[in-house]
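Notes to accompany the following structure.
So that the names make sense, note that chain A is the first sequence line, chain B the second, and so on, each numbered from 1.
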Number of protein chains: 2
Amino acid sequence: MVRMADVAREAGVSVMTVSNVVNERLPVNEPTRARVMAAVEALGYEVNLTARHLRAGRTDTVAFIVPSFHDYFGEVSDKIAPLIEAEGRHLVLERTSGCPEHEMAALSVARLQLYDGVLLSVVGLDRDQLDRVRTAKPIVLLGERDVPDRFNHVRLANEEGARLATAHMIEHGSRRIVGLGCTFDTAHMMTSDRRIGWERAHRDAGLDVDARYVVPISTFTSAAGRDALLDVIASGLPFDGVFAVTDVVALGAVAALAESGLRVPTDVQLAGFDNLDMSRFVPPGLTSVDANHEGVAETAVGLLHRQMAGWTGPAEHVVAPVRLVVRGSTRGGA
Amino acid sequence: MVRMADVAREAGVSVMTVSNVVNERLPVNEPTRARVMAAVEALGYEVNLTARHLRAGRTDTVAFIVPSFHDYFGEVSDKIAPLIEAEGRHLVLERTSGCPEHEMAALSVARLQLYDGVLLSVVGLDRDQLDRVRTAKPIVLLGERDVPDRFNHVRLANEEGARLATAHMIEHGSRRIVGLGCTFDTAHMMTSDRRIGWERAHRDAGLDVDARYVVPISTFTSAAGRDALLDVIASGLPFDGVFAVTDVVALGAVAALAESGLRVPTDVQLAGFDNLDMSRFVPPGLTSVDANHEGVAETAVGLLHRQMAGWTGPAEHVVAPVRLVVRGSTRGGA
DNA sequence: ACTCTTTACTTTAACGCTAAAATCCGCTCG
DNA sequence: CGAGCGGATTTTAGCGTTAAAGTAAAGAGT
């Protein structure tokens with residue numbers, strides 16, 4: 001490894017002069033500067049970022065910590081990246097597998113020191129666990145869990161989104177709508193908040209809420225969605241609509257319906273949540289709740305920047321608005 | 001920030017004793033150890049990783065540097081993560097947008113110092129540019145570009161995969177197969193290597209190769225795939241098969257065909273490349289070339305570990321084998 | 001009683017960088 | 001012609017950690 005000291009020796013100057021040339025801080029006489037640059041070139045010197053980070057107490061790096069790199073989080077990450085880079089910082093992604101231990105570890109003093117700010121998608125931690133986190137580091141939480149007031153937090157209008165999608169299918173004739181991936185959890189989480197919206201749409205329309213139509217799944221994958229819906233079909237429980245908690249799960253439903261010879265939207269209407277890029281293209285077009293990834297990314301990064309710039313006011317709790325994007329999988333669509 | 005020195009003062013011992021307690025290096029008498037631990041708890045001390053990294057000359061972190069966090073790379077990243085973690089290291093992802101400058105910057109001495117090893121998905125850099133990279137840091141390159149011999153490199157059997165998919169459609173009756181997203185580039189890259197396979201399948205079957213069926217696209221998105229195929233349809237060029245360079249592009253083709261009232265596979269057979277999770281579920285099931293992400297991840301990480309462990313033998317150039325996964329979008333399928 | 005270990009802990013000296021203070025030197029000005 | 005100034009460069013001092021060498025004291029061996 002080539003150090004500044006090597007360059008200094010080669011150029012016959014002090015280490016500080018090299019530093020000043022390399023960082024363009026204090027002015028350096030042209031002939032000296034040229035000698036230093038020549039030495040830099042000759043030796044192939046580049047600054048040691050670890051040392052700079054230690055000395056500066058900054059890393060100019062922001063981490064986005066996600067449950068998985070897949071699907072939804074991949075898409076959001078790609079929106080976040082340019083916003084971080086626009087401020088001259090680097091973005092890195094880390095993964096927690098959604099498990100509470102990893103999420104907690106990501107928020108440990110030690111890990112946080114590596115970054116100037118952190119965006120964390122919470123899925124595993126609850127309010128109490130988050131409350132144990134004590135740090136002044138700028139953090140913005142994303143996700144559908146309940147979080148302590150002192151954290152900046154961006155979440156989606158889950159209930160409203162689910163209500164919109166379900167109401168839309170009811171309006172177009174569905175009477176028995178499976179809540180695929182929904183749960184009756186009492187804690188705030190994606191699956192329960194979205195179930196509440198599904199439920200409210202039923203009540204609003206004067207329909208009863210039948211718990212048999214709430215079908216939990218083990219993982220939010222298409223495979224799990226498909227399997228769960230095939231089970232419903234096999235059970236003989238009659239249904240004419242499916243609200244899937246995510247588009248990935250909805251894709252599994254698409255497969256299950258196709259395999260079972262059920263036509264979308266004629267026999268069964270289908271709506272998802274997230275409006276992934278893919279959803280536009282899966283025939284006949286997946287009706288989905290759009291939470292405006294780009295807007296969520298901007299809000300979250302905006303809050304983070306504000307905090308990194310020294311803002312000390314109260315934390316904000318933003319609920320990102322949603323809208324329903326109607327496509328061919330429901331009868332209002334094209 | 002709480003430093004080791006603060007803990008040392010609080011516990012009435014030297015800094016090294018704190019270090020020894022925290023890292024369980026040299027043995028420390030139980031009463032002392034207890035005092036130190038109490039001080040650690042009381043002050044909420046955690047090690048400063050930046051300082052440790054500087055001191056140790058290691059970061060215990062591996063970076064996977066990808067063009068985008070989306071789709072294919074998201075899926076591969078999720079396979080790579082556990083393999084890195086199994087060796088007790090952290091994995092972080094960085095993004096290049098596929099542009100040569102960012103890829104080069106990721107390979108700069110400065111950035112490489114932050115990691116003990118780097119996996120880089122190359123799409124923008126050519127052999128000459130890569131040849132300028134001089135570093136002893138363990139690096140494994142992934143991707144379809146041509147790379148200098150001295151780098152470990154894992155790529156897919158692009159030509160063979162494209163040939164398999166195309167031959168399969170020819171075998172089942174297609175005679176005019178669009179190479180959607182293919183190009184006539186002479187440099188080795190995904191789009192040209194896969195075109196060569198498409199071409200070879202034609203020759204092997206004694207069919208002529210008609211350049212009008214090679215349809216480049218601007219980006220590897222479903223939107224671009226859909227638009228390009230709609231243009232083909234609008235142009236009146238007759239076709240009865242589509243080989244799409246990636247599954248994401250193939251999904252765009254699915255949409256274009258559905259919108260145009262062309263039935264898959266009856267009117268047009270369709271095959272993609274990558275065998276993404278989604279491809280199994282998009283009706284009628286997307287026939288795709290599977291490159292075994294998991295195997296690729298294992299190979300790449302294996303090479304990286306070997307290099308990080310000090311291996312100095314010649315670099316390896318692995319071509320990951322592919323197989324065709326036949327589904328409903330071609331006539332051999334279910 | 002004196003070496004020789006062993007155990008427990010401390011001191012020293014980096015890792016590579018840079019902010020801030022100090023020094024050096026040529027030049028202007030009273 | 002010496003004080004004073006300003007620009008160029010160097011020295012000093014640390015960022016927080018830890019490997020390695022050092023010290024001090026208690027116990028073992030002859």
Would you indicate what [X] reaches in the nucleic acid, counting non-hydrogen atoms under 4.0 angstrom: base, sugar-phosphate, or nothing?
X: B:Val28; value: sugar-phosphate
X: B:Val47; value: sugar-phosphate
X: A:Thr32; value: sugar-phosphate

Note: for B:Gly12 and A:Glu46 on DNA chain C, the residue whose nearest nucleotide lies more 5' is B:Gly12
Integer-rounded Å distance: [N] [atom2] and [X] [atom1]:
X: A:Glu30; N: D:dT9; atom1: CD; atom2: P; result: 11 Å
X: A:His53; N: C:dC17; atom1: NE2; atom2: C1'; result: 11 Å
X: A:Leu43; N: C:dG16; atom1: CG; atom2: P; result: 14 Å
X: A:Asn20; N: D:dA8; atom1: CG; atom2: P; result: 11 Å
X: B:Arg9; N: C:dT10; atom1: CZ; atom2: P; result: 15 Å
X: A:Leu112; N: D:dG16; atom1: CG; atom2: C1'; result: 17 Å
X: B:Met16; N: D:dG22; atom1: CE; atom2: P; result: 15 Å
X: A:Arg33; N: D:dT9; atom1: CZ; atom2: P; result: 12 Å

Identify which nucleotide among [options] has an atom closest to any side-chain atom of [X], counting heavy atoms from C-beta outward.
X: A:Met4; options: C:dC17, D:dT9, C:dC15; answer: C:dC17
X: A:Ser14; options: D:dG16, D:dT10, D:dA19; answer: D:dT10
X: A:Leu54; options: D:dG16, C:dT18, C:dC9; answer: D:dG16
X: B:Asn29; options: C:dC9, D:dT18, D:dA19; answer: C:dC9
X: A:Arg3; options: D:dT11, C:dC17, C:dC9; answer: C:dC17
X: A:Arg55; options: D:dT9, C:dT10, D:dA13; answer: D:dA13

Any side-chain N or O of [X] under 4.0 Å from OP1/OP2 of [N]?
X: A:Ser19; N: C:dT18; value: yes
X: A:Asn23; N: C:dT18; value: yes
X: A:Arg25; N: C:dA19; value: yes
X: A:Thr17; N: D:dT10; value: yes

B:Arg33 to B:Val28 - nearest heavy-atom pair and separation
N-CG1, 3.8 Å
After noting the C-alpha distance and the side-chain angles of B:Glu144 and B:Asn158, does the key distance pass the side-chain hydrogen bond (donor to acceptor under 3.5 Å, both in side chains) rule?
CA-CA 8 Å; B:Glu144 321 315 329; B:Asn158 287 299; 2.7 Å; yes
Tell me if the centroids of the rings in B:Phe151 and B:His317 come within less than 6.0 Å of each other.
no
Will you find, in the side chains of B:Arg35 and B:Asn29, an N or O donor that is under 3.5 Å from an N or O acceptor?
no
Let me spell it out: for each of B:Asn48 and A:Leu26, pick the nucleotide of DNA chain D with the closest heavy atom. Which residue's pick is nearer the 5' end?
A:Leu26
With a 4.0 Å cut-off on N to O distance, would you call A:Arg145 and A:Asp126 a salt bridge?
no
Please identify which of these residues, A:Thr135, A:Val122, A:Leu120, meets the side-chain contact (heavy atoms from CB on, under 4.5 Å) condition with A:Leu107.
A:Leu120
